[in-house]
Number of protein chains: 2
Amino acid sequence: MARPRTFDEEGALDAAMRTFWEKGYEATSTQDLCDATGLGRSSIYNTFKSKHDLFERVLARYIDSMTTAQLAVLEDSRRSAADRLRTLFAMVVDGETETEQRPGGRGLGCLTVNTTVELVARDPRAAEMLDRDTRRRLTALRAVLQEGQREGSITSSRDAGALARFVNAAIGGMRISSQGGADRAALESIAEITMDALIG
Amino acid sequence: MARPRTFDEEGALDAAMRTFWEKGYEATSTQDLCDATGLGRSSIYNTFKSKHDLFERVLARYIDSMTTAQLAVLEDSRRSAADRLRTLFAMVVDGETETEQRPGGRGLGCLTVNTTVELVARDPRAAEMLDRDTRRRLTALRAVLQEGQREGSITSSRDAGALARFVNAAIGGMRISSQGGADRAALESIAEITMDALIG
DNA sequence: CAAGTTTTGGACCGTTCGATACATAACTGA
DNA sequence: TCAGTTATGTATCGAACGGTCCAAAACTTG
């Protein structure tokens, strides 16, 4: 053993996450990452192999925490399928309208969506991670929707897989709308109307 | 008068558009723009003030052509409101699944959505342009939906403005889904289910 | 306390960035 | 044909980029 780290690696990941989240991958410089984490270049490059490697770590961490929280809601078997979906939408709305508003009052979107737009076409590793996550979320959504169709809280007779893709797209659309300036009330009404398609 | 241009300015804008569209603003270098347009740096900087100015020109051109085409469909009073919306969705699906597929078969999204994600938080000029465009599209959508409610092809009794934001979000969600790898059939079913919310 | 190991700060690397300078080529109008 | 003007190609700018190197600091273990 030797000299120990004076910083918390997970804290550094969180600081880096916020930066990538707000500015995007390309627009975030290594200096930005030093500033955000409070670390020197050496510490960053000693801990992570490269800017891209750090980004992958950040993305993995984000995906894991985000999807874990959402799946927990979707798999809460005490509540009806429709209820779980409503809660999921409420989580998305809350996430987009959190206190830390950006200039202009816009939502900050979601690192998954942002990365899909910015990097997926040029970064196979990021694309793979996002694909896996999408499959995982779609699987959980399909299960909930199927259960709702059986149990009666989802009255649409559309294929559950198609409904799952629809719900997933709706969430993406809400996040884009939020970045485009939609406020909380607007997001809530989008969620309600999305539910109309499943229930109406 | 003096030596005339040997290139077509609109052609250059289109070439630059494709580049910004595929790679994003930050990841597009001025060299990329020279390669794509076939112009030398001097010609580009002589014609456009800067990379950012060129991007603004490109974005304005994109917004204009895109929204003009969509509004033409939405304002076609010979058809029912529901029909017009279905056509609008079909245009989006076609746009995302055009022959020029990217590696991995993903859609290339829409420059408007991509710019919203990448730049809107840091670029007030781009944000302004996108805001104006969104307002314009929402106004047209609301008019169509209101007409559909009067005429009967839209049976949802939700507020037309809320329905307009929902449809706009759905289109954004479809574009994100396409970049995430959704194929034509998936996009079509998302559009159908979106219509369910307006009609079902 | 000394030997060994790792972290840390800061200087520095080559490359690429967006942008400019300038000489020359190419055209117009007189 | 030539004066005037603009477009173009090339060379180049300073700054910032991602990343490396290295000496000094700071810790553990014996």
Side-chain angles (χ1 to χ4, degrees), chain A residues 1-60 114-115 118-119 122-126, chain B residues 1-60 111 114-115 118-119 121-126:
Chain A
M1 274 300 131
R3 179 176 177 178
R5 295 234 165 94
T6 57
F7 67 92
D8 171 34
E9 190 167 318
E10 303 210 334
L13 281 173
D14 284 334
M17 184 188 300
R18 274 191 296 272
T19 309
F20 281 128
W21 196 345
E22 285 166 16
K23 307 186 63 165
Y25 178 76
E26 298 285 356
T28 296
S29 69
T30 54
Q31 188 57 50
D32 290 333
L33 293 167
C34 292
D35 295 346
T37 58
L39 304 181
R41 309 178 79 68
S42 294
S43 296
I44 287 187
Y45 276 92
N46 190 37
T47 309
F48 313 99
K49 289 187 301 202
S50 63
K51 176 186 171 184
H52 190 269
D53 181 73
L54 171 54
F55 180 76
E56 282 182 30
R57 293 278 306 272
V58 160
L59 183 59
N114 297 3
T115 302
E118 188 187 357
L119 287 183
R122 289 173 294 128
D123 185 336
R125 317 266 307 246
Chain B
M1 274 301 133
R3 180 176 178 179
R5 295 232 166 94
T6 58
F7 66 91
D8 171 36
E9 189 168 319
E10 302 209 335
L13 281 172
D14 284 335
M17 185 189 298
R18 274 191 296 275
T19 310
F20 281 128
W21 196 346
E22 285 165 16
K23 309 185 61 166
Y25 177 77
E26 298 286 353
T28 297
S29 69
T30 55
Q31 187 57 50
D32 290 332
L33 294 168
C34 292
D35 295 346
T37 58
L39 304 181
R41 311 176 80 69
S42 295
S43 297
I44 288 187
Y45 276 93
N46 191 36
T47 309
F48 312 99
K49 289 187 303 204
S50 64
K51 175 186 172 184
H52 190 269
D53 181 72
L54 171 54
F55 179 76
E56 283 183 28
R57 293 278 305 271
V58 160
L59 183 59
L111 186 59
N114 297 3
T115 303
E118 188 187 357
L119 287 185
R122 288 173 294 129
D123 184 337
R125 316 266 306 245

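Given the structure is predicted, the values throughout are model-derived calculations rather than measurements.
- Rounded to whole Å, atom C1' of C:dT16 lies 15 Å from atom CG of B:Leu33.
- If you check distances only, the side chain of A:Arg41 never reaches the base of C:dG9 with a donor-acceptor pair under 3.5 Å.
- Using a 4.0 Å cut-off between charged side-chain N and carboxylate O, A:Glu9 and A:Arg5 make a salt bridge.
- Within 4.0 Å (heavy atoms only), B:Thr30 reaches at least one base atom of the nucleic acid.
- The interatomic distance linking A:Lys51 (NZ) with C:dT15 (P) rounds to 19 Å, in whole Å.
- Across all strands, A:Thr28 comes closer than 4.0 Å only to sugar-phosphate atoms, never to a base (heavy-atom distances).
- One interatomic measurement links the two molecules: CD of A:Glu9 to P of C:dT8, which rounds to 11 Å at whole-angstrom precision.
- When the P atom of C:dA19 is taken as reference, atom CZ of B:Phe55 falls 14 Å away, rounded to whole Å.
- Each of A:Ser43 and B:Tyr25 was assigned the nucleotide of DNA chain C with the nearest heavy atom; the assignment lying further toward the 5' end belongs to A:Ser43.
- Below the 3.5 angstrom threshold, one finds no donor paired with an acceptor across the side chain of A:Arg3 and the base of C:dT6.
- Rounded to a whole Å, the CD atom of A:Gln31 is 13 Å from the P atom of C:dG9.
- Residue contacts for A:Thr6: at a heavy-atom cut-off of 4.0 Å it reaches the sugar-phosphate backbone alone, with no base atom in range.
- There is no side-chain donor-acceptor pair under 3.5 Å between A:Ser50 and A:Asp53.
- Distance A:Arg5 CZ to D:dA25 P: 21 Å, rounded to the nearest Å.
- Along DNA chain C, the nucleotide nearest B:Lys49 and the nucleotide nearest A:Gly38 are compared for position; the residue whose nucleotide lies closer to the 5' end is A:Gly38.
- Using a cut-off of 4.0 Å between Lys/Arg side-chain N and Asp/Glu carboxylate O, B:Lys23 and A:Glu118 are scored as not salt-bridged.
- Within the cation-pi definition used here (under 6.0 Å to the ring centroid, within 45° of the axis), A:Lys51 qualifies as a partner of A:Tyr25.
- Of the candidate nucleotides C:dT8, C:dT6, D:dG19, C:dT6 has the atom nearest to the side chain of A:Ala2.
- Base engagement by A:Ser42 is indicated by at least one non-hydrogen atom pair under 4.0 Å involving a base atom.
- Look at NE2 on A:His52: it is 10 Å from P on D:dG19, rounded to the nearest Å.
- A donor-acceptor pair is defined here as one N or O able to donate and one able to accept, closer than 3.5 Å; no such pair exists between the side chain of A:Asn46 and the backbone of A:Ser43.
- Each of D:dG18, D:dT8, C:dT20 was ranked by its minimum atom distance to the side chain of B:Tyr45; first place goes to C:dT20.
- In this structure, B:Phe48 reaches neither bases nor backbone, as no heavy-atom distance under 4.0 Å exists between it and the strands shown.
- Taking atom CD1 on B:Ile44 and atom P on C:dA21, their separation rounds to 18 Å, with Å as the unit.
- The phosphate of C:dG18 has neither OP1 nor OP2 within less than 4.0 Å of any side-chain N or O from B:Ser50.
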